[in-house]
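We number each residue from 1, following the sequence as shown.
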Amino acid sequence: MCDGASSEEAEAAESLSCMPFATLGIGDAREDTDVPQINSKKSEEKESIKSEQENKRKKHHKDYQPNYFLSIPITNKKITGEIKTLQNAIIQQDKRLAKAMVGDGSFHITLLVMQLLNEDEVNIGVDALLELKPSVEDVLRGRRLTLPFQGIDTFRSQVGFVKLVDGDHIPPLLEIAEMAQRMFQEKGIVAGENRSFKPHLTFMKLSKAPWLRKRGVKKIDPAWYEKFIHHRFGEETLYRIDLCSMEKKKQSDGYYHCESSIVVGELESSSSAVLQRYTKDTPTWPSGDKSGGEPDDAELVKLSKRLVENAVLKAVQQYLEETQNKKQPGEGSSVKAEEADRSGSGSDNNRK
């Protein structure tokens, strides 16, 4: 979902500005002539502090605009290839729509959106993600969490997405999203807020090309993707969760700038072995010159761990590309084959 500040994040920010908050004031305090004057002053000071904190809280929520998110990257080439076929079919109907398509390498599921205002908060976010890993492992218990994608839908006819099929994989995914929101909020990060988690795979957004509205394209027409209504796009394995920026320059492969990542699921055991090997080969850090003392060991360990994790992630991704992208039986790319399922599939217009 997050490809820059999308219309979905804008809606979240807008909804936050309308949230009711309790108002506090000195006038709300009950007057009691029997209370000593010193207690009255303390009460007024306490109420004043509460009022100031509440005002700050209101402003914080009003100004809330997500700029970071937790991403589950889509790496299965079958899925990305099928989406490109879908995008090309839509573009053939109106070439102007090419500007509204999500670019190669950017396909993902958004697990959580948040606001990180400076480098210190980014570091807190990185720590929160790393601390989230054991909890995610507890949910998965070493199992493979497979995410199947089939069918098309939209959010208010403005955002087109491939649907995540209902099934046993939904509860653990929702649990992971809830744990992530709790973890980040406990660290003081404005995350998630009132947004309900609806896992989906975005392939186009009209907000990417606002000039289309002036030229008469005000909503996504269902006729554009009619042949893909029940199309099976493939399955993705949850093996990685990334902390990504919506605003920083994307990577050369089209994926978002990634601050940190964790490897989860059944690939964790193999990645841990690789991590241990890399850690064993990592040279020790030299002593610092700060007043003859040691350098900041925590920072050095954190930096070393990030570098090692990145190396592990690359190895894991290469492994997945060699296994997950093999053509699976019954998963052809023909649209006609999917149309044969329509009689038994029924209508599934799950709107937001």
- request: Would you please test Leu129 and Leu70 for side chain to side chain contact (heavy atoms under 4.5 Å, CB included) and show each step?
  value: CA-CA 9 Å; Leu129 177 60; Leu70 291 185; 4.1 Å; yes

Worked verdict on Thr154 versus Lys219 for side chain to side chain contact (heavy atoms under 4.5 Å, CB included): CA-CA 10 Å; Thr154 71; Lys219 64 179 182 178; over 6 Å; no

Same hydrophobic cluster for [X] and [Y], using side-chain heavy-atom links shorter than 4.5 Å among ILVMFWY?
| X | Y | value |
| --- | --- | --- |
| Val126 | Ile72 | yes |
| Val122 | Phe184 | yes |
| Leu164 | Val139 | yes |
| Ile91 | Leu212 | yes |
| Ile220 | Val217 | yes |

Sidechain-backbone polar pair: [X] side chain, [Y] backbone, donor-acceptor under 3.5 Å:
| X | Y | answer |
| --- | --- | --- |
| Arg144 | Leu140 | no |
| Thr202 | Met204 | no |
| Glu121 | Leu117 | yes |
| Glu235 | Asn76 | no |
| Gln115 | Ala191 | no |
| Glu226 | Pro222 | no |
| Gln87 | Phe203 | yes |
| Glu236 | Pro148 | no |
| Asn118 | Asp120 | yes |
| Asn67 | Leu116 | yes |

When rounded to the nearest 0.5 angstrom, what distance separates [atom1] in [X] from [atom2] in [Y]?
| X | Y | atom1 | atom2 | answer |
| --- | --- | --- | --- | --- |
| Ser106 | Met101 | OG | CE | 14.0 Å |
| Gln158 | Leu206 | CD | CG | 5.0 Å |
| Thr80 | Lys84 | OG1 | NZ | 9.5 Å |
| Leu112 | Arg182 | CG | CZ | 12.0 Å |
| Ser260 | Asn123 | OG | CG | 10.0 Å |
| Leu111 | Leu243 | CG | CG | 11.5 Å |

Answer yes or no: is there a side-chain heavy-atom contact under 4.5 Å between [X] and [Y]?
| X | Y | answer |
| --- | --- | --- |
| Val113 | Met246 | yes |
| Val264 | Glu137 | yes |
| Phe161 | Asp153 | yes |
| Leu145 | Thr237 | no |
| Leu201 | Ile83 | yes |
| Leu86 | Trp224 | no |

Closest approach of [X] and [Y], non-hydrogen atoms and distance?
| X | Y | value |
| --- | --- | --- |
| Ala89 | Phe228 | CB-CE1, 3.9 Å |
| Ala209 | Lys99 | CB-CB, 3.8 Å |
| Ser261 | Leu130 | O-CD2, 4.3 Å |
| Phe197 | Ala177 | CD2-CB, 3.6 Å |
| Phe149 | Val165 | C-CG2, 4.1 Å |

message: Just checking Tyr256 against Phe69, ring centres under 6.0 Å apart?
response: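 Between Phe69 and Tyr256, which both carry aromatic rings, the centre distance is below 6.0 Å.
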
- prompt: Are Gln150 and Lys163 close enough, and set up right, to give a side chain to side chain contact (heavy atoms under 4.5 Å, CB included), and what steps lead you there?
  reply: CA-CA 6 Å; Gln150 179 176 359; Lys163 296 191 294 185; over 6 Å; no

message: side-chain hydrogen bond (donor to acceptor under 3.5 Å, both in side chains) for Tyr255 and Ser71? Distances and angles first, verdict last.
response: CA-CA 10 Å; Tyr255 190 61; Ser71 166; 2.8 Å; yes

task: Under the side chain to side chain contact (heavy atoms under 4.5 Å, CB included) rule, what do Trp211 and Arg96 come out as? Steps first, then yes or no, please.
output: CA-CA 10 Å; Trp211 50 267; Arg96 298 175 300 175; 4.1 Å; yes

message: Does Lys248, at its NZ atom, have more than 12 non-hydrogen atoms belonging to other residues, nucleotides or ligands within less than 6.0 Å?
response: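 Counting neighbours around NZ of Lys248, more than 12 heavy atoms of other residues, nucleotides or ligands fall under 6.0 Å, so yes.
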
Is there a donor in the side chain of [X] and an acceptor in the side chain of [Y], or the other way round, less than 3.5 Å apart?
| X | Y | result |
| --- | --- | --- |
| His257 | Gln251 | no |
| Glu259 | Tyr68 | yes |
| His108 | Thr110 | yes |

message: Applying salt bridge (charged side-chain N to carboxylate O under 4.0 Å, His left out) to Lys187 and Asp127, what does each step give before you reach the verdict?
response: CA-CA 9 Å; Lys187 289 185 174 293; Asp127 290 341; 6.0 Å; no

query: Should the ring pair Phe155 and His200 be called parallel, tilted or perpendicular, given that the plane angle runs from 0 to 90° and is split at 30 and 60?
result: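 Because their plane-to-plane angle is over 60°, the rings of Phe155 and His200 count as perpendicular.
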
